[in-house]
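Read the structure below first, then the notes.
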Protein chains: 2
Amino acid sequence: MGLTIPKFQDLLKPMKGERDKLAAVREEFVSQWGVMGTQWGINRTMAQIHALLMTAPEAMSTDEVMEALEISRGNAHTNLKELVSWGLVRIVTRRGERKEYFEAEKDVWEIFRRITEQRKRRELDPALQVVERCAEETRGMQTKEGKDFHRQMGELQEFVAFASKMGDRVASLPHGKAMQLAMKLFG
Amino acid sequence: MGLTIPKFQDLLKPMKGERDKLAAVREEFVSQWGVMGTQWGINRTMAQIHALLMTAPEAMSTDEVMEALEISRGNAHTNLKELVSWGLVRIVTRRGERKEYFEAEKDVWEIFRRITEQRKRRELDPALQVVERCAEETRGMQTKEGKDFHRQMGELQEFVAFASKMGDRVASLPHGKAMQLAMKLFG
DNA sequence: TTGTGCTTTCAGTTATTTGTGAAACTTGGC
DNA sequence: GCCAAGTTTCACAAATAACTGAAAGCACAA
């Protein structure tokens, strides 16, 4: 029973199919992540670019992103910068080149931290201001309805402030610590 | 020094102003909560109705909601039902009456629990499916790029599954327990 | 079974968000 | 300075989401 040594060519064969398959799965991921984005209240393109970069073997230029997703320069540019402002993507430059390349944060915990941070800043903090003002403006009211409203605002304020603080704390934990803590809680 | 007994009329006087003030503040709350809603990825009307009912002294009918927010019947109806499906509002009926009235959950922890539950169901679970499929489809790939992609999906899957479980656990805690736990964690 | 009071649906309209493409701007090298 | 490669902005167009109003549906009471 001859132990045949496979030819180099044959070793390469499955890789050809693999590349196609991978490209297809990746495309599916990008597309689905875009759909998800819309449900998350994030725009489709931004989510798609994020998915694309998260699964990119190396940093991509604006033109590469435009081509991969078949979108305009303006659109690519706006959303890349938005991702940068969320801290989910960073700009890298190659020396000797003027072009900017974009690279996504790939560590899931880090991604989670950044998103938590931004959502807190964009969703919780403004809400807090609103309820604070409403609570303040109704302080000391005499009627039952006034008191009820004031109490409701007070409870809301307390809770949102609390959630906000929790967000900060959780997001400031390093990956390892966080998991450790979570395990202890919910084993 | 005559201890004057205030007339009934005079006792009532500040209440008049209070009512107006309260109505104004409440309107502001409803309006602002609506703006917030759009940023949260929830539609404005739904958020406004929620704010309105949260601060309503008693259950309101569709017509009352329509009038308060100056919106159409269809719009009011759709969003009220949507709020019911989120578990943030419940339908109550008064005996002898055919009309439905709507009443919001007012306990902040309960509101939080319901929102967490729904967001998990609507945002996390579908994401989980996507990454699971992508991880599955690239299992055992040989190329570096295939392996990298597979690992990335694996990490994402693990994390999302974990977050999903955490959501369940947190949302299943009663108010008291949750606070206790949070305090222990973050003093 | 018919009328009445209310709920639900939906085709068409309106508002809002997102995307395009080209022009304006910036920056560094010659 | 002036060109070239690249980035940024923005008026307008396209796509999507939300809302309206009216008609259809339903269920109970007479």
Side-chain angles (χ1 to χ4, degrees), chain A residues 30-53 59-86 88-103 122-123, chain B residues 30-53 59-86 88-103 122-123:
Chain A
V30 168
S31 152
Q32 286 300 309
W33 209 248
V35 174
M36 302 265 336
T38 63
Q39 286 157 346
W40 277 65
I42 286 166
N43 93 41
R44 188 190 354 276
T45 305
M46 182 170 154
Q48 285 185 345
I49 296 180
H50 188 220
L52 187 71
L53 291 178
M60 297 174 77
S61 67
T62 303
D63 294 76
E64 286 165 340
V65 170
M66 285 167 62
E67 191 183 338
L69 301 179
E70 301 184 65
I71 58 177
S72 72
R73 181 173 305 283
N75 194 10
H77 179 260
T78 307
N79 285 293
L80 279 164
K81 286 301 155 89
E82 187 68 5
L83 282 164
V84 170
S85 92
W86 276 67
L88 295 169
V89 164
R90 59 183 154 273
I91 299 172
V92 299
T93 47
R94 298 181 185 163
R95 62 201 174 90
E97 272 194 80
R98 273 212 253 169
K99 216 191 283 254
E100 293 182 333
Y101 291 82
F102 300 89
E103 182 179 68
R122 291 162 199 238
E123 298 177 358
Chain B
V30 168
S31 152
Q32 286 301 308
W33 208 248
V35 174
M36 304 263 336
T38 62
Q39 285 158 346
W40 277 65
I42 286 166
N43 91 43
R44 186 188 359 275
T45 305
M46 182 171 155
Q48 284 184 348
I49 296 180
H50 188 219
L52 186 71
L53 292 178
M60 298 174 76
S61 67
T62 303
D63 293 77
E64 286 165 340
V65 171
M66 284 167 62
E67 192 183 338
L69 301 180
E70 302 184 69
I71 57 177
S72 73
R73 182 171 304 284
N75 194 10
H77 179 260
T78 307
N79 286 293
L80 280 165
K81 286 301 154 90
E82 186 68 5
L83 282 164
V84 170
S85 91
W86 275 67
L88 294 170
V89 164
R90 57 182 156 274
I91 299 172
V92 299
T93 48
R94 300 180 185 163
R95 61 202 176 87
E97 270 195 81
R98 291 238 281 274
K99 215 191 281 250
E100 293 182 333
Y101 291 81
F102 300 88
E103 182 177 69
R122 290 162 200 239
E123 298 177 358

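Throughout, a chain's letter reflects where its sequence line sits, starting with A, and its residues are numbered from 1.
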Have a look at A:N75 and say if it touches a base, only the backbone sugar-phosphate, or nothing, with a 4.0 Å heavy-atom cut-off.
base

When you measure from the side chain of B:K81, which nucleotide among C:dT8, D:dG21, C:dG21 comes out closest?
C:dT8

Closest approach to the side chain of B:K99, judged atom by atom: which nucleotide of C:dT18, C:dT20, C:dT7 is it?
C:dT7

Check this for me, if you would: do B:K99 and B:E64 make a salt bridge, where the nitrogen-to-carboxylate-oxygen distance has to be below 4.0 angstrom?
no

Nearest to the side chain of A:E100, which nucleotide is it out of D:dT7, C:dT7, D:dC19?
D:dT7

Heavy atoms from C-beta onward define the side chain here; which of C:dT8, D:dC28, C:dG28 lies closest to that of A:R98?
C:dG28

By nearest-nucleotide position on DNA chain D, the 5'-leaning member of A:R44 and B:T45 is A:R44

Which residue lies toward the 5' end of DNA chain C, B:T38 or B:T78, if each is placed at its nearest nucleotide?
B:T78

With a 3.5 Å distance limit and no angle check, can you tell me whether B:N75 reaches the backbone of B:I71 through a side-chain donor-acceptor pair?
no

Look at the side chain of B:N79 and decide which nucleotide, out of C:dG19, D:dC19, C:dT20, has an atom nearest to it.
D:dC19

Position toward the 5' end of DNA chain D (nearest nucleotide), A:E97 or B:N43:
A:E97

Give one of base, sugar-phosphate or nothing for B:R73, where a contact means two heavy atoms less than 4.0 Å apart.
base

So for atom CD, which belongs to B:Q39, do other residues, nucleotides or ligands contribute more than 12 heavy atoms lying within a distance under 6.0 Å?
yes

Measure from the side-chain heavy atoms of A:I71 and tell me the nearest of D:dT16, C:dT20, C:dG19.
C:dT20

A:R90 to A:F102 six-membered ring, cation-pi geometry met (6.0 Å, 45°):
no

